[in-house]
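What follows is a set of notes on a single structure, which appears directly below.
Here is how names work: the chains are called A, B, and so on, in the same order as the sequence lines, proteins then strands, and each is numbered from 1. Note that these values count all heavy atoms, side chains included, but never hydrogens, waters or copies made by symmetry.
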Amino acid sequence: MNSDEIRITFPDGRSETVSRGTSVQDVLSKVKPSRDGWIAAKLNGRMVDLAGKIEEDAALEGIEKGSEEATVVLRHSAAHIMAQAVKAIFPEARIGIGPAIENGFYYDFEVERPFTEEDLEKIESKMRDIISQKLAFKRTEVSREEAIRFFAQSGEKYKVELLEEFTDPNVSYYQQGDFVDLCRGPHIPHTGHLKAFKLLSVAGAYWRGDEHKPMLQRIYGTAFFDVEGLKKYLHFLAEAQKRDHRRLGKELDLFSFTDEVGAGMVIYHPKGALVRHILENFEKREHLRRGYQIVIGPTLLKTELWKRSGHFDNYRENMYFTEIDEQSYGIKPMNCLSHMMIFKSKIRSYRELPIRYFELGTVHRHEKSGVLHGLLRVRQFTQDDAHILCMPEQLNQEIKNIIDFVTEVMGIFGFEYEMEISTRPEKSIGADEDWERATSALMKALEEKGLPFQINEGDGAFYGPKIDVKLKDALDRRWQCATIQCDFTLPERFDLTYIGPDGAKHRPVMVHRVILGAMERFLGVLIEHFAGAFPVWLAPVQAMIVTVTDSQLDFANQVCRELQERGVRAEVDMRSEKLGYKIRDAQMQKIPYMLVIGDKEVAAGAIAPRKRDGMQLELMQPREFADLIEKECLETSRGRIGLGI
RNA sequence: GCUGGCGUAGCUCAAUGGCAGAGCAGCUGAUUUGUAAUCAGCAGGUUGGGGGUUCGACUCCCUUCGCCAGCUCCA
């Protein structure tokens, strides 16, 4: 091998010798033909353009059109193309940043007036124009100083600000047509690769996510290599809209909000309240089975106490305060204080530990008005909250127990989930070594359970680090529900102690944790997950009795009473409508079973069940139907709940 | 909280400065019907609240409450 040759190694272990300075494109197309075509590549693990030259021995992996990584590259390029279009139409616009994100891309601009729907159409059409020109993305490396000069000269102050914080002496920029953007790359070879895209929305976004910095206008869009992919994604969005719990909550008459009551305050209608009761009863049983003790604390606690806990200093802006007999009280945003008071109410022995207090605790938090969102973000909500007080050496086992608890419960509802560990935030209390101890306790528990997790730096609670569990719903969106938080601080502040085997006082460790999180949020996620079609054990109405004519109503009522007696949640549709009409109605209410009664059924003293998926069951006695429902409830709730709530 | 958009009958939506409307739901009557919508009639409104401009405001302006998208923040 002479000095002008270099060796390229491929992921399958093969290798090739090529001359120094050969482009990525040439190497790839020569030795590894791709079915769909190459978009970019990874050179020694680093993403590069196809046009890049290879100067030394390297490992090379092609990124093929259609792969996830190629789509990220495409979307990033789409953001550049959009920015080019915006600059062409609004030359005075200043560009911020424009990355690819999950499902699409965005780009931020500083403009005189916000973009309108019509602007988006104009921008889209300009983008199509740019795409048809098949402009190459050209990469240029320059010194940082030169880049600063260049962007300062073209008035791109946001790019200059970014550059000034860079530490690398060299940076790269990309140019397609007359548009130049500071960018690491890589990009698609030319604009013609963008076959399918759509601009979706405009919204304000703070520069660099900082609410003290100016607000730019952000345009969101999505992009695909083919029209099929775009269509599928738009269909997915439409599907998500149909499952929106706010829409279903109204349609299924589960809950409502009204400005007369106030923002972020849920009003549960009978059916929604029933579902919540089922969930809560389920939870009480699950907690008792696992050695938790159910407790109830007050809603108002003296402000003095919130000062001692640190909530007043660290959480005040989220709390509501009131005054009683010239005494200041805070409405609880968390349940931990009264749980600690219960612990403190007498001398505790190490033999009692771990103590696990569970409360379906209703809390109030003053969330900023702009963040409220249906059931998923409210100002009054009920947590399935527990505080575990244990000896330090019991901590690991307790955390593992909670992880098992979460795993089991999520399995029952059919959720998949991801775990994250959040570390110490800026605004927090406690000693560094305690934070470290708690954080490693959480990590160790997850590792021992063999569960993968991500680290979320600086995202912990003010009193301790936490494990967050993000649920994935049927549409693959993430929702934070369960959380497990370690706390060495509050036991200290409240001087919680137990008497150890040595007869001396010791400090317990506290774990704050929720399983479903907030009943409100969990219900919202459940509604979207099941698209409103709850499994039988959770359905507020399990069976709607529908008669062919009014003459079977007496028998229908008799059947209904018999089923209710057994604990089946049954109702009779008394309206003198045609059978098809009543079936349709029950169907749209997503009621699991419709029990049809005509003359035939009356004669046989039976009912003809129809499932909501349209499946017709054999004629059966009401008693047999109750058995069937009971069996189905037990099966779908993994033996937890049969008939009744 | 911030930026932008929005608020009309129970629900979904019309009416761009000149008589507030439709479909569905509701009620009444007729129909008595076999697995996703029977027909007819009736009723339904301080156009989110308050203030202003105007001969005249659902429509324009101010203010307030609420909703939506996103940002920031979070169970």
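Within 4.0 Å (heavy atoms only), A/K600 reaches at least one base atom of the nucleic acid. Within 4.0 Å (heavy atoms only), A/E367 reaches at least one base atom of the nucleic acid. Counting any heavy atom pair closer than 4.0 Å across all strands shown, A/K466 reaches sugar-phosphate atoms only and no base atom. Within the nucleic acid shown, A/Y220 comes within 4.0 Å of sugar-phosphate atoms alone, with no base atom in reach, counting heavy atoms only. Here A/D599 lies in heavy-atom contact (under 4.0 Å) with a base. Base contact: A/G370 has a heavy atom under 4.0 Å from a base atom. Within the 4.0 angstrom heavy-atom criterion, only backbone atoms of the sugar-phosphate kind lie near A/G580; the bases stay farther away. Looking at heavy-atom distances under 4.0 Å, A/V548 makes contact with a base. Residue A/Q217 is in sugar-phosphate contact alone, with no base atom involved, counting any heavy-atom pair closer than 4.0 Å across all strands shown. Using a 4.0 Å heavy-atom criterion, one finds that A/R246 contacts the sugar-phosphate atoms exclusively. At the heavy-atom level, A/V596 lies under 4.0 Å from base atoms of the strands shown.
A side-chain hydrogen bond (donor to acceptor under 3.5 Å, both in side chains) with A/Y158 is found for one member of A/R94, A/E110, A/K213 and no other, namely A/E110. Test A/F413, A/W479, A/F282, A/F381 against A/F522 for ring pair (Phe, Tyr, Trp, His ring centres under 6.0 Å) and you get one pass: A/F413.
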Residue pair A/F109, A/Y107: steps toward the ring-ring contact (aromatic ring centres under 6.0 Å, His included) verdict | CA-CA 7 Å; A/F109 305 93; A/Y107 213 114; 5.2 Å; yes
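The base-pairing partner of B/A57, taking Watson-Crick or G-U wobble contacts with both distances under 3.5 Å, does not exist among the strands shown. Nucleotide B/G21 is matched to B/C13 when pairs are restricted to Watson-Crick or G-U wobble geometry with both distances under 3.5 angstrom. In this entry B/C67 has B/G5 as its Watson-Crick or G-U wobble partner, both defining distances falling under 3.5 Å. Of the nucleotides present, B/G26 is the one that pairs with B/C42 by Watson-Crick or G-U wobble criteria, both distances under 3.5 Å.
Note that A/R575 lies outside the cation-pi zone of A/Y581, set by a 6.0 Å cut-off to the ring centre and a 45° limit from the axis.
For A/Y106 and B/A69, the shortest distance from a side-chain N or O to OP1 or OP2 is not below 4.0 Å. Contact between the side-chain N/O atoms of A/K578 and the OP1/OP2 oxygens of B/A36 is not found at any separation under 4.0 Å. Put simply, A/R575 has a side-chain N or O that comes within less than 4.0 Å of OP1 or OP2 on B/G26. Side-chain nitrogen and oxygen atoms of A/S369 include at least one within less than 4.0 Å of the OP1 or OP2 phosphate oxygen of B/G1. For A/R610 and B/A36, the shortest distance from a side-chain N or O to OP1 or OP2 is below 4.0 Å. Contact check, A/Q616 against B/U35: no side-chain N or O comes under 4.0 Å of OP1 or OP2. Under 4.0 angstrom from either OP1 or OP2 of B/A69 there lies at least one side-chain N or O belonging to A/H373.
Of the candidate nucleotides B/G66, B/U35, B/A69, B/G66 has the atom lying nearest to any side-chain atom of A/A263.
A distance-only check finds no donor-acceptor pair linking the side chain of A/R365 to the backbone of A/M334 [under 3.5 Å]. No side-chain donor-acceptor contact under 3.5 Å links A/D404 to the backbone of A/N401. Using a distance-only test at 3.5 Å, with no hydrogens or angles considered, no donor-acceptor pair links the side chain of A/E359 to the main chain of A/A386.
A tilted orientation is assigned to the rings of A/H529 and A/F415, their planes being inclined by 30° to 60°. Taking the six-membered ring where tryptophan is involved, the planes of A/Y292 and A/F405 are tilted, since the angle between them lies from 30° to 60°. Between A/H364 and A/Y320, the two ring planes are perpendicular [angle over 60°; tilted spans 30° to 60°].
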Between the protein and nucleotides 6-10 of chain B, list the N/O to N/O atom pairs that are separated by less than 3.5 angstrom.
none

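Between the base of B/G34 and the side chain of A/E601 there is a donor-acceptor pair shorter than 3.5 Å. For A/Y206 against B/G1, a side-chain-to-base donor-acceptor contact under 3.5 Å is present. For A/R365 against B/C73, no side-chain N or O and base N or O form a donor-acceptor pair under 3.5 Å.
Taking atom C1' in both B/C65 and B/G51, the straight-line distance is 15 Å, to the nearest Å.
Salt bridge present: A/R290 and A/E408 bring a charged side-chain N and a carboxylate O closer than 4.0 Å.
Contact check of residues 375-388 of chain A against RNA chain B (heavy atom, cut-off under 4.0 Å) returns A/R377, A/V378, A/F381.
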